[in-house]
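Below: one structure, written as structure tokens.
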Amino acid sequence: MKKRILCLLCAAMLLLSGTTAFAKTNVLRLDGLFAVDYDNESDTQVCAMQLKAGQVLDINANIVSGAVAIAIRRNFGDLLYDHEAGMTFNDTLVIPADDIYRISVDIKNAKGNLRISAQSGAPAPTVDVPFERQFIKGSFGYGLEYDPAKLDFTAGSDMDVFAERVPDMDQQIVIWLHTENASLDSMTIGLMADNPQLLDSFTTEMLDWRVARTIRLITNADGSHVGRYTIIENGLNKSFVFMATYPLAREAEAEALIGPMLHSLRFTE
């Protein structure tokens, strides 16, 4: 178990540092227009527009390769549009009420371009609003809400990573998500047996109707950092692991990021 965790950490670090030089995303946000050009890229881009009831959003996606997922929410409320495609498509969305609408574009190793524009009525201003609850679909059967103003999302085949934007890597809050072919009990026992430097006993709760256990460990020899593992039962002898690493001195800030993400988890498989 310990070797598996170390291997996953190494793989995640390579994922964070090994972005190909050929990947490129260009983004344009103007009043009433959200445009994204992507070239062999995996990325998530967001935008918010102030829209009025009856306005129409034109959604035009030119997908040469890969896939693109688009989600549109009414402010922090209802999901109004959720569409993923691997081919070119055109669509429309009629706005139901005056409000701020949040658009998220999840690019999955794709090449092409996307245009979302507001029609019918006065041009809709693109607004600068916080995205504390931006929803994103992960790489392996889950979705959650996170703050893209603070965290960068990197998708991987074996692991997804959310990394804080800070200049000092030693002070960074990083969240790693992956799956294990092991039961909740065996994962818990393995972690506790391999890590005698346990900070506190595990806690148990329900997340999206699944049993979850959280264990906090010291990860550095000097006791300066914490590894926080939330292991979620996700089928027979299968577990979903939500692992966060951060400096002990920043635990309150880390919890403010981690808590909403964990409790917004939704499993689609």
Side-chain angles (χ1 to χ4, degrees), residues 19 23-64 66-139 143-155 160 162-165 257 260-261 264 266:
T19 304
K24 185 178 181 182
T25 301
N26 293 315
V27 182
L28 180 66
R29 298 178 180 88
L30 298 174
D31 284 356
L33 175 65
F34 180 35
V36 184
D37 294 341
Y38 39 90
D39 187 0
N40 297 320
E41 178 69 292
S42 293
D43 194 6
T44 299
Q45 296 293 334
V46 294
C47 180
M49 293 184 186
Q50 182 80 51
L51 300 170
K52 294 185 177 296
Q55 279 192 283
V56 177
L57 283 181
D58 286 335
I59 304 166
N60 307 109
N62 174 31
I63 304 170
V64 178
V68 173
I70 303 168
I72 302 175
R73 287 179 177 270
R74 179 179 173 183
N75 211 343
F76 288 133
D78 296 337
L79 178 65
L80 302 179
Y81 186 88
D82 186 12
H83 181 71
E84 180 172 340
M87 59 188 298
T88 295
F89 70 94
N90 299 305
D91 208 347
T92 59
L93 174 67
V94 179
I95 299 304
D98 295 5
D99 210 335
I100 293 172
Y101 290 81
R102 301 168 184 271
I103 306 166
S104 173
V105 176
D106 188 12
I107 304 160
K108 302 181 179 181
N109 194 28
K111 182 176 182 179
N113 56 71
L114 171 74
R115 302 289 183 273
I116 300 177
S117 56
Q119 304 296 334
S120 301
T126 300
V127 294
D128 184 14
V129 292
F131 282 85
E132 288 87 351
R133 294 178 58 191
Q134 180 64 47
F135 187 84
I136 189 172
K137 289 182 178 179
S139 300
L144 54 71
E145 294 172 352
Y146 80 112
D147 185 355
K150 295 180 179 178
L151 298 172
D152 288 321
F153 173 68
T154 305
D160 287 352
F162 295 86
E164 186 187 27
R165 299 189 194 104
L257 282 175
M261 292 176 69
S264 71
R266 296 295 180 268

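The basis for the numbers below is simple: all heavy atoms, side chains too, and nothing from hydrogens, waters or symmetry mates.
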Legend entry - Atom pair CG/CZ of L51 and R74 - distance to nearest 0.5 Å: 11.0 Å
Legend entry - Shortest non-hydrogen separation from S117 to L33 and the atoms involved: CB-CD1, 4.1 Å
Legend entry - Distance in Å, I107 CD1 paired with L114 CG, rounded so as to fall on 0.5 Å steps: 8.0 Å
Inset, instruction - Kindly give the heavy-atom pair with the smallest separation between L79 and A71, and that separation in Å. - result: CD1-CB, 4.0 Å
Legend entry - Heavy atoms from other residues, nucleotides or ligands near NZ of K108 exceed 12 (cutoff 6.0 Å): yes
Inset, instruction - Working to the nearest 0.5 Å, report the span between CZ of F162 and CE of M261. - result: 4.5 Å
Inset, instruction - Enter the distance from I70:CD1 to Y81:OH here, rounded to the nearest 0.5 Å. - result: 5.5 Å
Inset, instruction - Grab the two heavy atoms, one from I136 and one from F153, that are nearest each other, plus how far apart they are. - result: CD1-CD2, 3.3 Å
Legend entry - Spatial distance of atom CD1 (I72) from atom CD1 (I95) [nearest 0.5 Å]: 7.0 Å
Legend entry - With R115 via side-chain hydrogen bond (donor to acceptor under 3.5 Å, both in side chains) - residues at least two apart: D37
Legend entry - ring pair (Phe, Tyr, Trp, His ring centres under 6.0 Å) pairs, two or more places apart, involving residues 41-60: none
Legend entry - By ring pair (Phe, Tyr, Trp, His ring centres under 6.0 Å) - contacts of F89 (at least two apart): H83
Legend entry - side-chain contact (heavy atoms from CB on, under 4.5 Å) partners for S264, two or more places apart: L144, E145
Inset, instruction - Taking all non-hydrogen atoms of both residues into account, name the closest pair between A110 and V68 and its distance. - result: CB-CG2, 4.2 Å
Inset, instruction - Measure the CD1-CZ distance between I59 and F34 for me, rounded to the nearest 0.5 Å. - result: 11.5 Å
Inset, instruction - Using the test side-chain contact (heavy atoms from CB on, under 4.5 Å), find all partners of A53 that sit at least two apart in sequence or belong to another chain. - result: D98
Inset, instruction - Quick one: closest heavy-atom pair of I63 and M87, and the distance? - result: CD1-O, 3.3 Å
Legend entry - Sidechain N-carboxylate O distance under 4.0 Å for K137, D106: no
Inset, instruction - Name all residues meeting the salt bridge (Lys or Arg N to Asp or Glu O under 4.0 Å) criterion together with K111; count only those two or more places apart in sequence or in a different chain, and write none if there are none. - result: none
Legend entry - For the student: nearest non-hydrogen atoms of A48 and I100, plus distance: CB-CG2, 4.1 Å
Legend entry - Side-chain (T92) to main-chain (L57) donor-acceptor, under 3.5 angstrom: no
